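We name chains A, B, ... by the order of the sequence lines, and we start the count at 1 in each one. Bear in mind the structure is a predicted one, so any value in this text is a computation, not a measurement.
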Amino acid sequence: MVRNNMTVRVRFAPSPTGFLHIGSVRTALYNWLFARHNKGRFILRIEDTDEVRSTDESLNAILEGMRWLGLEWDEGPEIGGDYGPYFQMQRLDIYTKYAEQLIKEDKAYCCYCTPEELATRREEAVKQKRPPKYDGRCRKLTEDKKKEYEKQGRKHVVRFKMPASGKTKINDLVRGAIEFDNAVLDDFVLLKSNGTPIYNFANVIDDSLMQISHIIRGDDHISNTPRQIVLYEALGFKLPEFAHVPMIHGADGGRLSKRHGATAVSQYHEEGYLPESLRNYLALLGWSTSDSQQIFSLEEMIEKFSLDGCGKSAAVFDAQKLVWMNGEYIRKIDIDRLVELSVPYLEKAGLLKRPIRYESLKKIIALEQEKMKLISDVPKLVDFFLLDDVEFDEKAVNKVLKKDHVLNVLEVMKERLTDLNDKDFKAEQLEKLTRDTAEELNLKAGQVFHPIRVSVSGRTTGPGLFEMMEVLGKEKVLVRIERTLREKVNL
RNA sequence: GGCCCCAUCGUCUAAAGGUUAGGACACAUCUCUUUCAAGGAUGCGAUAGGGGUUCAAUUCCCCUUGGGGCCGCCA
């Protein structure tokens, strides 16, 4: 896989024209994993040549998203590197230089066709069911004609002279050989009329100058590859390896878009996903090991990742599985980290208005850890611990509190719990006391457990009853049982 | 319209000519249990269709069908 003793250098080259898309970041992840696996370098390059759509906000979203997922880059924005600058808009003179070289070598030429003219011709071609490619009419412009156009104030772009015959072959690392007829390709634009380069041009120059060894990208770029290869050859550059990985699709088989759910990495962050679960899930969308392992530590993932393990067909994004995986990871993370991650959600829900000891909060969250699928689940899972007045769930009331024996059970339990020492208000003792009580009252354990659970938490589901009571504390438990007793009369 | 890519359970995938076609998510049932989860067990469920090649095709080849991509002074 690694050519000779050459260092592996891969890159992720997003354009800052929107949020960080889940599909892009999956490609970034593969590049990152490939670099780490091969002890190579991972470069981040910003392709900001679309002056109209590029924004700083988008740049920040990219950097933030990458860092959140742990995809730190070895060269690129904010850290620099030996092959910079890493923003294409700061490399314009480089592109100009190579464009001039190509023109001088008669491999490129100036084209004076206006965008309007091109659009009209394109429409016409589509209407007549012809391929909408540029007809190359400016290839053989006379000097006089050029001068005339200039005088008219026409701007020009620089176009590449695509060879009219021959074949261009890709040896794709994941797909094998792919062949294109040069004749189907047209004279594509290298430099726009404002002097900025077009993707195919800037990309080739930068990848070459930055000594990228492997280009790992989405398979939507397969069709661009022959153009780029021809350019590499025209410029006398050494060809990198290509690896086109499948795209991510939505449930309907189409391109993943907003109507399928969240597509921005930041949104997964906000919705309470852990970076490690998103990373793990994304890695598995298009890559797998032969034993179909599902959960990988970062080290394991780096060790086992390979392009051979990448599939060829598009993968449908399955939010359900991501949720499952997030639950798996939440159950495993350190409780202090879980508390830290939970706090913003609790604050937002208004559950931390009164001061609470860190240790108490930690105990509360620990009791619900195994149940959480998303960090954002926290508020509704723990609210009854933090609220003064517990709201009774209607179904719980009907199902549990309206039974005849409940009044008696609560009365007896209230007395016994009152008699219990503060320091004996521990899960173990509470369980013994409750079970003994049930036996004395000639009731099944559940007939005693359930009413207490509902009166103390307002609902039928929750953590272990006695752990929950211990964390709640004697005072709160008694207040709530008394209140239930009071309200029970009206039920 | 031209060119290119892809095709195994609903979904992610394994099986690099010979397997009762395996695993994971989801779903269902059972189990554990004070509840809900988690866990354990079991079940449901696939090689798109048609031709070849071969003693043998999920696997190799061709066609069809279906899906996707590119054909911008976007990337």
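With rounding to whole Å, A:H249 atom NE2 is found 11 Å from B:U13 atom P. Rounding to whole angstrom units, CZ of residue A:F317 and C1' of B:G68 are separated by 19 Å. Between the P atom of B:C5 and the NE2 atom of A:H244 lies a distance of 12 Å, rounded to the nearest Å. Going from atom CH2 of A:W287 over to atom C1' of B:A14 covers 13 Å, rounded to whole Å. Look at CZ on A:R331: it is 8 Å from C1' on B:A37, rounded to the nearest Å. Rounded to whole angstrom, the span from the NZ atom of A:K312 across to the P atom of B:C4 amounts to 16 Å. As a whole-Å value, the separation of A:M468 CE from B:U33 P is 20 Å. Distance CG (A:L284) to P (B:U13): 8 Å, rounded to an integer number of Å.
Evaluation of the side chain to side chain donor-acceptor pair (under 3.5 Å) rule for A:R175 yields A:D219 as partners, not counting sequence neighbours. For the ring-ring contact (aromatic ring centres under 6.0 Å, His included) test, no residue two or more places apart in sequence or in another chain qualifies with A:H450. Applying the side chain to side chain contact (heavy atoms under 4.5 Å, CB included) test to A:A438 and every residue at least two apart in sequence or in another chain returns A:V448. Under the rule for a side chain to side chain contact (heavy atoms under 4.5 Å, CB included), the partners of A:K373 that lie at least two apart in sequence or sit in another chain are A:V323, A:R331, A:D377. Remark: A:N182 engages A:T168 in a side chain to side chain donor-acceptor pair (under 3.5 Å) (not counting sequence neighbours). For A:V471, the side chain to side chain contact (heavy atoms under 4.5 Å, CB included) criterion is met by A:K363, A:I364, A:L367, A:F385, not counting sequence neighbours. Annotation: side chain to side chain contact (heavy atoms under 4.5 Å, CB included) contacts of A:D187 (sequence neighbours excluded): A:Y109, A:Y134, A:R139, A:R159, A:M162.
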For nucleotides 70-75 of chain B, 5' to 3', base contacts (B), sugar-phosphate-only contacts (S) and non-contacts (-) with protein non-hydrogen atoms under 4.0 Å give SBSBBB
How does each nucleotide of nucleotides 20-31 of chain B score, in 5' to 3' order, for protein heavy atoms under 4.0 Å: base (B), sugar-phosphate only (S), or none (-)? --BBBSS-----
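Both distances falling under 3.5 Å, in either a Watson-Crick or a G-U wobble arrangement, place B:C70 opposite B:G2. Pair assignment for B:A56: none, as no Watson-Crick or G-U wobble contacts are both less than 3.5 Å. With both pairing distances under 3.5 Å, B:U47 is matched to nothing as a Watson-Crick or G-U wobble pair. Remark: B:U11 base-pairs with B:A24. Criterion, Watson-Crick or G-U wobble with two distances under 3.5 Å.
Among residues at least two apart or in separate chains, salt bridge (charged side-chain N to carboxylate O under 4.0 Å, His left out) pairs with a member in residues 243-263 of chain A are A:D220-A:R255, A:D252-A:R259. Applying the salt bridge (charged side-chain N to carboxylate O under 4.0 Å, His left out) rule to pairs touching residues 275-284 of chain A yields A:E276-A:R337, sequence neighbours excluded.
For the segment residues 453-461 of chain A, the set of residues with a heavy atom within less than 4.0 Å of an atom of RNA chain B comprises A:R453, A:T460, A:T461, in numerical order.
Closest approach to the A:D219 side chain among B:A38, B:C5, B:U34 is made by B:C5 (side chain taken as heavy atoms from C-beta onward). In this structure, of B:A7, B:C12, B:C4, it is B:C4 that holds the atom nearest to the side chain of A:F180.
Residue order along RNA chain B, read from the 5' end via each residue's closest nucleotide, puts A:E179 first among A:A445 and A:E179. Where A:V174 and A:R435 meet RNA chain B, the nucleotide closest to each residue was compared, and A:V174 sits on the side nearer the 5' end.
When the P atom is used for both B:G43 and B:G23, the distance is 10 Å, rounded to whole Å. Look at the C1' atom in both B:A24 and B:C32: the space between them is 23 Å, to the nearest Å. For B:G67 and B:A48, the C1' atoms lie 11 Å apart once the distance is rounded to whole Å. Comparing the same atom, P, in B:G45 and in B:G22 gives a spacing of 12 Å after rounding to whole Å. Separation of the C1' atoms belonging to B:A7 and B:C62 is 16 Å when rounded to the nearest angstrom. Of the P atoms belonging to B:A21 and B:A46, the separation is 12 Å, rounded to the nearest Å.
Among the heavy atoms of the strands, none lies under 4.0 Å from A:G311. Across all strands shown, A:G462 has heavy atoms under 4.0 Å from base atoms, whether or not it also approaches the sugar-phosphate.
Relative ring orientation between A:Y232 and A:F242 is described as perpendicular, the plane-to-plane angle rising above 60° on a 0-90° scale split at 30° and 60°. Ring-plane geometry between A:F188 and A:F160 is classed as tilted, the angle between the planes lying from 30 to 60 degrees on a 0 to 90 degree scale.
Within the 6.0 Å centre-distance limit, the rings of A:F466 and A:F449 are counted as a close aromatic pair. Taking the centre of each ring, A:F317 and A:H249 stay at or above the 6.0 Å mark.
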